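What follows is a set of notes on a single structure, which appears directly below.
Computed from a prediction, not measured in an experiment: that's the story for all the values here. Every chain is numbered from 1 and lettered A, B, ... according to where its sequence line falls, protein lines coming before strand lines.
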Protein chains: 2
Amino acid sequence: MPRIAVDERRDLLVEAAIRVMVRDGVAKATTRSIVAEAGMALAAFHYSFRSKQELLENVIGTITAHTLDLAVERLGAEGSVEHKVRAALDSYWQHLMANPGEHRVTYELTQYALRHPGLATVAKRQYEAYIEGASKLIDSLAHSSDVTWTVPVPVIARYLIAVMDGLTLLWLNEGDDAGARAALDLAGDHLISLIRMS
Amino acid sequence: MPRIAVDERRDLLVEAAIRVMVRDGVAKATTRSIVAEAGMALAAFHYSFRSKQELLENVIGTITAHTLDLAVERLGAEGSVEHKVRAALDSYWQHLMANPGEHRVTYELTQYALRHPGLATVAKRQYEAYIEGASKLIDSLAHSSDVTWTVPVPVIARYLIAVMDGLTLLWLNEGDDAGARAALDLAGDHLISLIRMS
DNA sequence: GTCTATAGGAAGATAGAC
DNA sequence: GTCTATCTTCCTATAGAC
C-alpha cells in the first residue's frame, strides 16, 4: 500500500533476490519467491523491471561490485610481503567459511548467465572485472613492499583466481576444512616463491 | 514400437540425457527433451526410471566413471618425471579444449545435485572419487620414476584438483586460450618443484 | 512393454480495477 | 503506483487403451 519510488523498489528487489539465492539457490529465485521475500505483490516485479533478465543483470552487477570491494579491503595488512600474501589469503578464506552461501551463488550465477544468451556478455564482463581486480591487487602488493614478481602480473592474476576458485569449490563440495586449508597453504607457498626481493 | 529391454532403455536414456546436457545445459534436460533426443515417447521415461532423480543419479555416476577412466589413460607417458607431469597436464587440457561442453556439465551437475537433498550425497561421493583418483595418479607418477614428493600426497591431490578445476572454469568463463594456458604452465612449474629426486 | 492423453502444479508475464 | 486475477506455457508424473 505505501508508495515507494521505483528506484528504491528495484534496490529492495535486488537485495531480496540475493537473499533468496543465498538461502535456496539461483534456481529457486523465482519472481514469486523474490517478491514474497521483499513483502510485495507479484505485479510489483514487472513494474520495477522489464523482465526477470533485467533483475538478474542488476544482481550480477551488485554481487561483482561487492566481491571487488571485499578484495580491496583485504589489502590493509602490515609487515613483510610474505606476511601480506598470507594475510590476504587468510582473509579470503575467513570470508568464505563465514559466507559459504554467498560464494556458492556467484558460481551458480555465472553458470546460469552463460547458458542464457542475453546474459552471457554480462558473465564475461564479470570475470574480466575479477581478473582486472586481481591484477591491481598483485601489482600494489609488490609495489608497497618494493619487490617484483618473477612472472608477468596477468599470468599471476589468472593463476591466483583459478587457484582460489578451485579451492573454494573444493571446500564447498567436499566440506573438509583441514584438507582444503592444507592445499591453500601450499598455494600460498607457491605465490611467495614467485617474489623476487630487490 | 520395437520392444527393448528395460536395462538397455535406461542406458539409452542416460546417454541421451548427457547429450542434451552437453548441448543445452542441465536445466534444459527435461524429461521431454531427453525422450525426444532418444526418440522415445514421454511415458517411456517413467517405466524406465522411477523418477527424474533416479536418472540423474545414473547420469552423475556415468560421467564420474568416464572422467576417472580418462585420468587413468593419461598416465601412459614416457621419459622424465617432469615430462610425465607436463604430458598429463597437456592431455587434460587437450581434452578440455576439445570437449568444453562435457566439462561444463560436470560443474553444473555438482551444483544441481548439492541443491537437491536427495542428490547431495551422490555429489559428495563424486568429489571423493575424484580426490581418490588424483591421489592414486600422483602416487603412481612418483613410483614409476622412483622419486618422492616433498608434500603429503593427499595435499597435492587436493591442490591438483583445485588448480585444474579453477583453470578449467577460468577458460570456460573467460575464453582466453593464451591466458589460461600461461597459468596452466605456471601450475605445472609448481607441481614439478614439489618433486624430490632420490 | 508401449503408446496417447491428461492430470496437477509452477513458472514468467499481463489485464484491468482501484 | 498498486493490487488481484488470469493467461500461457512448460514441467513431472500417471491413467488407461492397446
* Structure fact -> Taken to the nearest whole Å, NZ/B/Lys28 to P/D/dC11 is 10 Å

* **Exceeds 12 heavy-atom contacts within 6.0 angstrom, atom CD of B/Gln94** => no

* To do: Specify the separation, in whole Å, of atom CZ of A/Phe45 and atom C1' of D/dT4.
  => 18 Å

* Heavy atoms from other residues, nucleotides or ligands near CD of A/Glu54 exceed 12 (cutoff 6.0 Å) -> yes

* Without hydrogens or angle criteria, can the side chains of A/Glu102 and A/His66 be said to hold a donor-acceptor pair below 3.5 Å? -> yes

* Would you mind reading off the distance between B/Leu42 atom CG and C/dT6 atom P, rounded to a whole angstrom? => 14 Å

* Asked: Can you name the closest pair of heavy atoms from A/Ala180 and B/Arg158 and give their distance?
  -> N-CD, 4.2 Å

* To do: Measure from the side-chain heavy atoms of B/Thr30 and tell me the nearest of C/dA5, C/dA13, D/dC11.
  => D/dC11

* To do: Sequence neighbours left out, what pairs pass side-chain hydrogen bond (donor to acceptor under 3.5 Å, both in side chains) with at least one residue falling in residues 109-124 of chain A?
  => A/Arg115-B/Glu108

* What's the closest nucleotide to the A/Ala41 side chain, out of D/dC3, C/dG12, D/dG1? -> D/dC3

* B/Ile4 near the nucleic acid: base, sugar-phosphate alone, or nothing, with a heavy-atom cut-off under 4.0 Å? -> sugar-phosphate

* Structure fact -> When B/Ser51 and A/Ala43 are each assigned the nearest nucleotide of DNA chain D, the 5'-most assignment goes to A/Ala43

* Should A/His46 be listed as having a side-chain N or O under 4.0 Å from OP1 or OP2 of C/dT14? -> no

* Asked: Rounded to the nearest Å, what distance is computed from the CG atom of residue B/Leu13 to the P atom of nucleotide C/dG1?
  -> 13 Å

* Structure fact -> By nearest-heavy-atom nucleotide on DNA chain D, the more 5' of B/Lys52 and A/Arg32 is A/Arg32

* What's the CD-P distance between B/Glu54 and D/dA13, to the nearest Å? -> 10 Å

* To do: In whole angstrom, give the distance that lies between atom CZ of B/Phe49 and atom P of D/dA13.
  => 12 Å

* Among D/dT6, D/dT2, C/dT6, the one nearest A/Arg3 by side-chain distance -> D/dT2

* Rounding to a whole Å, what distance do you find between B/Leu55:CG and D/dC11:P? -> 15 Å

* Asked: Can you check the B/Leu12 CG to C/dG1 P distance for me, whole Å?
  -> 13 Å

* So, does the side chain of B/Arg9 form a donor-acceptor pair with the base of C/dG1 at under 3.5 Å? -> no

